[in-house]
Amino acid sequence: AAGAAWVTVFSEVSIAILLFILTYRFTRVLPNLTVTGKCLGATILMMLVLLALPAWHVIILVLLGGAAYLLFLFLLKAISRATLKEMLTS
């Protein structure tokens with residue numbers, strides 16, 4: 001099972017790199033690495049929150065994970081208060 005997980009990680013990283021290259025080749029636009037880093041930080045913090053929880057029902061974990069991710073994006077200033085309001089009202 002661990003081998004399959006690592007193959008999945010490898011394939012996803014490979015796809016991300018290839019898409020980055022293609023996107024840059026056709027648009028000549030580079031991503032904002034500051035925002036990318038903040039999103040990665042929010043993802044890691046969300047993961048730590050979920051790992052700290054006991055084996056709760058998956059629906060509860062998904063809801064808590066989403067709430068934690070939005071909270072950490074806001075705290076790390078990856079999204080603004082106005083963006084957060086717009087996301088929650090639409």
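Predicted, not measured: the structure shown is a model, and the values here were computed from it.
- Residues L63 and W56 are not in side-chain contact: their nearest non-hydrogen atoms beyond the backbone lie 4.5 Å or more apart.
- One finds the CG atom of L18 at 10.5 Å from the CZ atom of R25 (value rounded to the nearest 0.5 Å).
- Put simply, CG on L53 and CG on L48 are 11.0 Å apart, with the number rounded to the nearest 0.5 Å.
- Shown here are the side-chain contact (heavy atoms from CB on, under 4.5 Å) partners of T8, two or more places apart in sequence or in another chain: E12.
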Let's go through L50 and L61 carefully: what are the C-alpha distance in whole Å and the side-chain angles of both, what is the deciding distance for side-chain contact (heavy atoms from CB on, under 4.5 Å) to 0.1 Å, and is it a yes or a no?
CA-CA 7 Å; L50 292 175; L61 292 174; 4.2 Å; yes
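- Not counting sequence neighbours, T43 has no partner by the side-chain hydrogen bond (donor to acceptor under 3.5 Å, both in side chains) test.
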Candidate pair I44 and L40, rule side-chain contact (heavy atoms from CB on, under 4.5 Å), full reasoning
CA-CA 6 Å; I44 292 169; L40 182 61; 4.2 Å; yes
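- Other residues sharing a hydrophobic cluster with L22 under the 4.5 Å side-chain heavy-atom criterion for ILVMFWY residues are F26.
- Residues Y24 and P31 fail the side-chain proximity criterion, which asks for heavy atoms closer than 4.5 Å.
- When side chains are defined from C-beta on, L45 does not count as touching V49, because their heavy atoms never get closer than 4.5 Å.
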Report, one line per pair, each donor and acceptor closer than 3.5 Å where one atom sits in a side chain of residues 64-85; sequence neighbours left out.
from : atom 1 : to  : atom 2 : distance (Å)
S80  : OG     : T83 : N      : 3.2
S80  : OG     : T83 : OG1    : 3.0

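- A search for side-chain contact (heavy atoms from CB on, under 4.5 Å) contacts involving I15 returns L19, not counting sequence neighbours.
- The side-chain contact (heavy atoms from CB on, under 4.5 Å) check on V62 picks up V58, with sequence neighbours excluded.
- Remark: V9 pairs with W6, V13 by the side-chain contact (heavy atoms from CB on, under 4.5 Å) rule, at least two apart or across chains.
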